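Numbering of ligands and ligand atoms starts at 1, following listing order. Note that this is a predicted model, so its numbers are computed, not measured.
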Amino acid sequence: MSTYRAPLDELAFTLEATGELSKVMALPGFEPLDDELVMAILTQAGQFSEELVAPTNFAADRQGSRVEDRQVVTAPALDGVYRAYREGGWPSLTGDPAFGGQGLPHTLGFAVEEIVQSANLSFSLLPLLTQGVVTALSRYGSAQQKDLYLPRLVSGEWAGTMNLTEPHAGSDLGLIKTRAERDGDHYRLSGQKIFITWGDQPYTDNIIHLVLARTPDAPPGVKGISLFIVPKFLVAADGTTGERNDVFPIGVEHKLGIHASPTCTMAYGDSGGAIGYLVGSENEGLKYMFAMMNHARLAVGLQGVAVAERARQHALAYARERLQGSVAGETVAIVRHPDVRRMLLTMEALAQAGRALTLRTMYHFDHALHAAEPEQRKLHQQRVDLLTPLVKGWCTEITNEVASLGVQIHGGMGFVEETGAAQYYRDARILAIYEGTTGIQALDLVGRKLLANRGEYAAALLADLETVVATSRKAGLAALADRLETSLQLCARAVRDVLSRAEDEPDGPAAAACNLLMLLGTAAAGACLMMGANRAAALLAAGEGDGEFCRRKIAVARVFAEQILPRCHAYSEAVLAGSEAIMAVDP
Ligand SMILES: Cc1cc2nc3c(=O)[nH]c(=O)nc-3n(C[C@H](O)[C@H](O)[C@H](O)COP(=O)(O)OP(=O)(O)OC[C@H]3O[C@@H](n4cnc5c(N)ncnc54)[C@H](O)[C@@H]3O)c2cc1C
């Protein structure tokens with residue numbers, strides 16, 4: 001089994017070159033952080049994850065989890081890991097200082113999260129969902145709810161979960177049936193939720209479930225959904241926990257991957273009704289849940305990067321050791337063969353581009369929260385809105401490809417479980433499904449992020465990315481710049497086509513949506529990767545930085561430009577072809 005090494009230099013470089021962390025740190029509300037401190041945080045996260053988290057990944061997957069006596073029994077390999085994570089202060093890194101958080105930017109927080117996710121994807125889901133609950137309550141909770149729940153969630157003393165899905169209501173949350181009936185100052189909830197990640201666990205003293213449910217007189221569909229706080233143990237006004245609430249896990253799914261993450265079926269109200277507290281107003285629940293989902297969607301995109309990175313490291317270690325085939329009469333390691341190098345570098349280029357795209361999005365995310373001028377905050381929020389489906393959709397689709405290449409590089413040994421390559425392939429598969437499938441991300445992209453503003457957000461993003469082309473030319477990377485420019489032109493043409501088709505071809509935008517997402521995702525990720533190559537070229541020209549590292553950054557960007565960007569032609573052709581052939585066949 002290969003050992004995971006946190007890619008510290010690569011993360012620090014991308015944080016600066018693409019995430020522009022020093023600009024983020026200069027925003028109002030952040031204390032200036034110097035490079036040394038950033039590196040110290042990354043190094044500690046790396047050390048913690050390499051030594052404590054990564055070694056649990058394979059064993060915990062084998063052990064899985066189960067429900068016994070109405071509670072979840074977790075994989076023994078994970079014993080002590082959450083406690084150490086909490087004691088290290090990792091849950092509160094980006095939390096609001098008003099509630100005990102450390103107030104660091106999300107751009108940096110995401111770099112740290114990538115490391116933890118690579119180390120053990122199943123484990124990393126526990127803090128991820130808690131973070132989502134923090135986001136939703138920070139925005140929409142009452143002052144009293146914030147005071148009661150946020151300090152304990154931010155510190156990681158308590159965990160949070162997100163309860164949307166029901167057997168008959170997945171992508172379409174308008175179909176939700178869980179009931180919430182008013183009972184004095186609270187509500188009583190009854191119903192069943194499925195697929196609830198870390199729905200129960202023994203690591204925290206309490207679990208705060210955020211639950212979507214419907215009040216008796218609610219209008220049908222998504223307009224009748226409300227959001228409730230349902231604690232596992234009821235909480236008194238002074239924060240002490242008391243009686244067990246009427247919400248229990250009744251089973252854990254047997255899944256393709258992420259076996260160590262308990263995906264629970266949750267029963268609400270089997271004995272009289274689970275006590276819940278309304279967040280905000282009745283029937284506004286979906287809006288509130290979106291606050292949580294948007295952050296979670298970005299974090300799931302990051303999981304795509306994290307699994308890709310781990311699968312890449314694993315495949316590279318194997319390729320350096322496995323002797324097969326000969327060069328000049330000598331048996332060589334398979335890493336010498338052009339086709340294996342193509343696969344390894346495709347993995348590396350995709351992982352690096354996904355990381356660059358995600359950290360660039362977090363740059364806008366932090367600016368949308370902290371920029372001094374309201375107009376600036378609005379513009380950055382528009383970038384986040386548009387980039388979110390790209391990060392979620394593109395980074396999770398490419399991780400399936402990367403993990404599959406990882407198996408391929410192992411040959412037959414990739415198909416058996418002992419080498420571990422198969423686990424990344426199995427784990428990766430969920431990422432394009434939960435938090436909204438790629439199809440749902442694509443509909444969000446064309447519906448809310450493109451048609452709703454007549455392409456204004458996309459035009460602004462493409463204009464941003466064109467400045468990268470100009471910088472690449474100045475940096476002496478003209479051949480790469482030409483390829484990027486062509487890809488951006490293909491994007492602009494495809495966007496125009498979808499907009500113009502929308503009126504007289506009703507199925508046009510939806511039929512084109514996935515290919516448009518992959519087109520914009522490929523081009524945007526390529527441009528973000530090029531930002532790194534540009535910086536590497538500038539450092540080399542100035543005789544600064546680590547020469548070998550910088551040359552490698554440029555080489556990987558070249559692989560992306562030559563081997564991956566040409567896919568934009570295919571995506572673009574598929575968009576332009578329209579919906580006729582797709583809709584012609586009777587379902
Ligand atoms: C391991 C795991 C963990 C999960 N964790 C959580 C959790 O913590 N909390 C939670 O609430 N949920 C959770 N989920 C649920 C997850 O979010 C849903 O599975 C996901 O949103 C898809 O819903 P579905 O499974 O009902 O698929 P469906 O909605 O039935 O979709 C099936 C297919 O139809 C497509 N489709 C559906 N509607 C449309 C449409 N309108 N247009 C085009 N295509 C469409 C989809 O893209 C998909 O390809 C989890 C699921 C899994 C497997």
Side-chain angles (χ1 to χ4, degrees), residues 61 64-65 72 121-133 136 159-178 191-201 207-213 221-222 225 227-228 230 247 249 251-266 268 285-286 288-290 292-297 299-300 303 307 389 392-393 396-397 400 426-448 506-507 509-517 579 582-583 587:
D61 177 70
S65 56
V72 164
L121 180 66
S122 287
F123 168 76
S124 72
L125 282 161
L126 176 57
L128 186 154
L129 269 305
T130 306
Q131 173 75 41
V133 174
T161 72
M162 176 161 139
N163 294 239
L164 290 74
T165 309
E166 298 178 8
H168 46 273
S171 303
D172 186 356
L173 293 170
L175 300 174
I176 275 174
K177 287 188 190 155
T178 296
Q192 194 182 83
K193 294 286 177 182
I194 60 165
F195 293 158
I196 305 309
T197 298
W198 286 97
D200 188 49
Q201 37 78 15
I207 302 175
I208 306 305
H209 303 290
L210 277 191
V211 187
L212 286 185
V222 289
I225 297 174
L227 181 64
F228 298 89
V230 181
V247 47
V252 162
E253 300 298 341
H254 299 280
K255 311 187 292 281
L256 178 66
I258 55 167
H259 293 149
S261 164
T263 307
C264 300
T265 301
M266 304 293 291
Y268 284 83
L286 203 66
Y288 306 151
M289 208 64 173
F290 258 106
M292 179 170 184
M293 273 198 278
N294 281 334
H295 183 275
R297 284 178 173 179
V300 171
Q303 292 180 342
V307 175
K392 165 63 168 85
T396 62
E397 288 292 331
N400 279 298
R426 289 187 288 97
D427 284 356
R429 195 61 192 87
I430 186 58
L431 302 178
I433 297 174
Y434 62 21
E435 286 305 333
T437 60
T438 307
I440 296 301
Q441 304 306 316
L443 288 181
D444 176 48
L445 173 70
V446 291
R448 293 195 198 92
D507 293 314
C514 251
N515 282 307
L516 187 69
L517 182 151
S579 62
I582 289 172
M583 299 312 286

[atom]: which of [options] has the nearest heavy atom?
atom                    : options                : result
atom 24 (P) of ligand 1 : G132, A510, G170, S261 : G170
atom 21 (O) of ligand 1 : A169, G257, G436       : G436
atom 11 (O) of ligand 1 : L125, L164, L175       : L164
atom 20 (C) of ligand 1 : N163, I196, I433       : I433
atom 49 (O) of ligand 1 : T438, T437, I258       : T437

Would you mind checking which non-hydrogen protein atom is closest to [atom], with the distance to 0.1 Å?
atom                    : result
atom 41 (N) of ligand 1 : L443 CD1, 4.1 Å
atom 37 (C) of ligand 1 : S171 OG, 3.6 Å
atom 17 (O) of ligand 1 : E435 N, 3.6 Å
atom 39 (C) of ligand 1 : I440 CD1, 3.9 Å
atom 52 (C) of ligand 1 : I430 CD1, 3.7 Å
atom 25 (O) of ligand 1 : F195 CE1, 4.2 Å
atom 9 (N) of ligand 1  : M162 O, 2.8 Å
atom 18 (C) of ligand 1 : T165 OG1, 4.4 Å

Minimum heavy-atom separation for [X] and [Y], please, with both atom names.
X    : Y    : value
L445 : L516 : CD2-C, 4.3 Å
I258 : D427 : N-OD1, 2.7 Å
T161 : I207 : CG2-CG2, 3.7 Å
L173 : I225 : O-CD1, 3.2 Å

Looking at [Y], is its backbone amide N or carbonyl O close enough to the side chain of [X] to form a donor-acceptor pair, meaning the two atoms are under 3.5 Å apart?
X    : Y    : result
K392 : G436 : yes
R297 : P389 : no
S579 : I582 : no
E166 : T178 : yes
K193 : L212 : yes

Do [X] and [Y] have side-chain heavy atoms sitting under 4.5 Å apart?
X    : Y    : result
L125 : Y434 : yes
W198 : L129 : no
V211 : V247 : no

- Message: Heavy-atom distances under 4.0 Å decide this one: backbone, side chain, both or neither, for T263 against ligand 1?
- Response: side chain
- Query: Are there more than 12 heavy atoms of other residues, nucleotides or ligands under 6.0 Å from atom NE2 of H168?
  - Reply: yes
Under-4.0 Å heavy-atom contact between protein and [atom]:
atom                    : result
atom 44 (N) of ligand 1 : no
atom 32 (C) of ligand 1 : no
atom 35 (C) of ligand 1 : no

For ligand 1, is there an N or O atom under 3.5 Å from any N or O atom of [X]?
X    : answer
G439 : no
L129 : no
T197 : yes

- Under 4.0 Å to a heavy atom of K255 - the qualifying atoms of ligand 1, by number: 1 (C)
